[in-house]
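Inspection log for the structure reproduced underneath, given as structure tokens.
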Protein chains: 2
Amino acid sequence: MRSKEGGTTTSKQDKRVGKIRRSEQTRRRILDAAALWLNKKGLAETSLQDLADEVGLQTASLYYHFPSKDALIEEVLHKGIEIVYEDVRRALDALEPSASYRERVRVAIAAHLSSLLEHGDYTSANIRNFPLVPENLREKNLSIRRQYGDYWRQLLQDAQKAGEVAPNVDLSLVRLFLVGAMNWSTEWFNPRKKSIDAIADMICSMIFDGIGPKEQRPSDGGQKRVTRR
Amino acid sequence: MRSKEGGTTTSKQDKRVGKIRRSEQTRRRILDAAALWLNKKGLAETSLQDLADEVGLQTASLYYHFPSKDALIEEVLHKGIEIVYEDVRRALDALEPSASYRERVRVAIAAHLSSLLEHGDYTSANIRNFPLVPENLREKNLSIRRQYGDYWRQLLQDAQKAGEVAPNVDLSLVRLFLVGAMNWSTEWFNPRKKSIDAIADMICSMIFDGIGPKEQRPSDGGQKRVTRR
DNA sequence: ATTAACCTATCAATCATTCAGTAGAATGAT
DNA sequence: ATCATTCTACTGAATGATTGATAGGTTAAT
């Protein structure tokens with residue numbers, strides 16, 4: 001997020017050290033407004049006029065901060081996955097190394113859902129708009145999307161290697177299926193009905209144990225088997 | 001599909017009995033073109049100009065067949081779910097009454113996927129555009145969507161009553177999860193990689209048996225338990 | 001001769017974008 | 001401390017292109 005461009009703490013003749021550049025603020029406000037509108041109305045019904053109104057500017061002023069509408073949208077979309085990716089990775093990194101893979105998957109699901117449904121509009125704006133956004137806007141998104149996909153792939157592979165996923169299971173289908181189901185949650189999620197953690201729990205046991213009737217299964221308490229080698 | 005309006009076989013002064021009205025054909029072609037564009041480009045980038053070009057008409061001519069763009073889009077969207085709903089119901093009705101619920105679910109999944117990925121653009125146009133389409137276009141869709149949801153709800157409830165789904169499973173989450181995952185398949189499905197039937201099979205056993213390692217599970221052959229009372 | 005099916009021409013509205021300007025803050029020179 | 005200059009952040013007006021939509025005319029089949 002604070003990576004590119006020297007930005008606030010530039011070296012040469014930037015006297016306002018601790019202060020944030022004024023334009024940085026409105027730039028951010030424009031992006032926020034765009035994420036909001038993209039998420040609520042979709043790209044089809046998000047005009048620069050709408051964004052300018054939301055921020056309290058003239059449409060022409062947006063061009064001081066962004067070279068084009070496409071560039072603006074692109075940045076919102078990029079932030080979208082970047083945020084999910086970071087959230088999920090951070091959540092997994094925070095786990096103890098002894099955590100089972102089942103627990104890891106559960107945490108990853110919860111983090112993805114939380115990022116999608118609670119943390120602002122960027123993530124959901126991305127997920128909801130990406131499928132039908134013009135190709136030229138998608139291009140810059142593809143690389144980081146692939147990275148995120150690989151991250152999940154790796155997680156599931158490790159789980160399988162550790163014996164926590166049956167060896168005959170097609171991981172790529174599991175991944176697509178799981179991510180798809182999570183992404184679709186923007187369409188039905190209602191925070192007053194069920195918490196994200198509860199949903200993540202249920203999805204996890206559904207994925208691992210299935211919904212079929214259990215036969216004997218000696219009720220070993222479940223997740224604390226710590227199968228690492 | 002053939003419900004409203006007397007249509008082709010009207011009573012009074014309609015001489016061409018077996019023949020299809022000329023306008024019916026082009027009307028259909030317009031709808032087809034709309035479904036195609038909606039699916040490929042999305043509503044944002046589907047203009048009446050595009051549709052007219054695709055069909056070989058002038059944009060003004062579209063207004064002979066439809067009162068407005070909204071009405072045209074609405075009809076495409078409506079046909080969308082209508083088709084899935086019918087496909088799934090037909091597939092289930094074709095099963096022998098002795099079929100297990102697991103088999104029923106498998107067939108329902110296959111039918112939904114097939115309708116979504118193989119049978120023309122209407123279904124996928126609906127699924128992909130609905131989330132971000134303006135509200136006034138969604139209204140007429142909601143009723144039939146709810147019906148289709150109820151249909152799945154009923155199927156899963158029956159399965160649970162019959163003992164083929166564990167009693168403690170939250171069916172509404174299963175349904176939302178399953179439908180979401182299926183609907184997302186438009187984003188990744190590749191017919192050359194895996195057939196729809198194969199995918200349906202895998203999803204089904206994933207949902208019922210889970211991906212976790214199997215313990216003893218006496219390999220009873222599976223689906224032929226016929227639990228109908 | 002009537003009607004069904006489509007066309008030409010045109011409409012106002014909205015779209016993203018450009019450009020010339022400007023108020024006010026920051027800067028530098030005195 | 002004062003004044004002139006430069007730069008930042010924005011405005012106002014206008015651009016051409018495209019949008020959905022309307023009105024009136026034309027053709028072809030019955």
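We name chains A, B, ... by the order of the sequence lines, and we start the count at 1 in each one.
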(message) With a 4.0 Å limit, can you tell me whether B:Y63 has a side-chain N or O closer than that to the phosphate oxygens OP1/OP2 of D:dA21?
(response) yes
(message) So, OP1 or OP2 of C:dC6: does either fall under 4.0 Å of a side-chain N or O from B:T26?
(response) yes
(message) Quick check for you: to the nearest 0.5 Å, what is the distance between B:L38 atom CG and B:D121 atom CG?
(response) 9.5 Å
(request) Write down the distance between CD (A:E24) and C1' (D:dT8), rounded to a whole number of angstrom. (result) 13 Å
(message) Without decimals, in angstroms, what is the distance between A:Q49 CD and D:dA13 P?
(response) 14 Å
(message) Whether the A:D170 and A:S172 side chains hold a donor-acceptor pair (N or O, under 3.5 Å, no angle test) is what I'd like checked.
(response) yes
(request) May I ask you to decide whether A:R128 forms a salt bridge with A:E187, counting only side-chain N to carboxylate O separations under 4.0 Å? (result) yes
(request) Can you run through DNA chain C from 5' to 3' and write each base as (, ), [, ], | or . depending on how it pairs? Watson-Crick or G-U wobble, both distances under 3.5 Å. (result) ||||||||||||||..||||||||||||||
(request) Report yes if a side-chain nitrogen or oxygen of B:S23 is closer than 4.0 Å to either non-bridging phosphate oxygen (OP1 or OP2) of C:dA4; otherwise report no. (result) no
(request) Starting at atom CG of A:L48, determine the distance to atom P of C:dT17, rounded to an integer number of angstrom. (result) 6 Å
(message) If you count heavy atoms of other groups shown closer than 6.0 angstrom to NZ of A:K41, is the number above 12?
(response) no
(message) So, taking the atom named CZ in B:R145 and the one named NE2 in B:H78, what distance separates them when rounded to the nearest 0.5 Å?
(response) 12.0 Å
(request) Take the protein atom CG of A:L62 and the nucleotide atom P of D:dT8, then report the distance between them rounded to whole Å. (result) 19 Å
(request) Rounded to the nearest angstrom, tell me the gap between atom NZ in A:K69 and atom C1' in C:dT18. (result) 17 Å
(message) Quick check on C:dC6: is either OP1 or OP2 less than 4.0 Å from any side-chain nitrogen or oxygen of B:H65?
(response) yes
(request) Measure from OH on A:Y64 to P on C:dT18 and round the result to the nearest Å. (result) 17 Å
(request) Between C:dC15, D:dA9, C:dT18, spot the one nearest the side chain of A:A60, thanks. (result) C:dT18
(request) Check whether any side-chain N or O of B:Q58 sits under 4.0 Å from OP1 or OP2 of C:dT8, and answer yes or no. (result) yes
(message) Taking the minimum atom-to-atom distance to the side chain of B:L57, which one of D:dA9, D:dA21, C:dC7 wins?
(response) C:dC7
(request) Could you tell me the separation between the CZ atom of B:R22 and the P atom of D:dT27, rounded to a whole number of Å? (result) 15 Å
(message) Does either side chain, that of B:N183 or that of B:H112, offer a donor lying less than 3.5 Å from an acceptor on the other one?
(response) yes
(request) Whole angstrom is fine here: how far is it from CZ in A:R28 over to P in D:dA9? (result) 17 Å
(request) Respond yes when some side-chain nitrogen or oxygen of A:S61 is under 4.0 Å from OP1 or OP2 of D:dT11, and no when none is. (result) yes
(message) Apply salt bridge (Lys or Arg N to Asp or Glu O under 4.0 Å) to residues B:R29 and B:D32 and explain how you reach the verdict.
(response) CA-CA 5 Å; B:R29 285 172 56 226; B:D32 287 351; over 6 Å; no
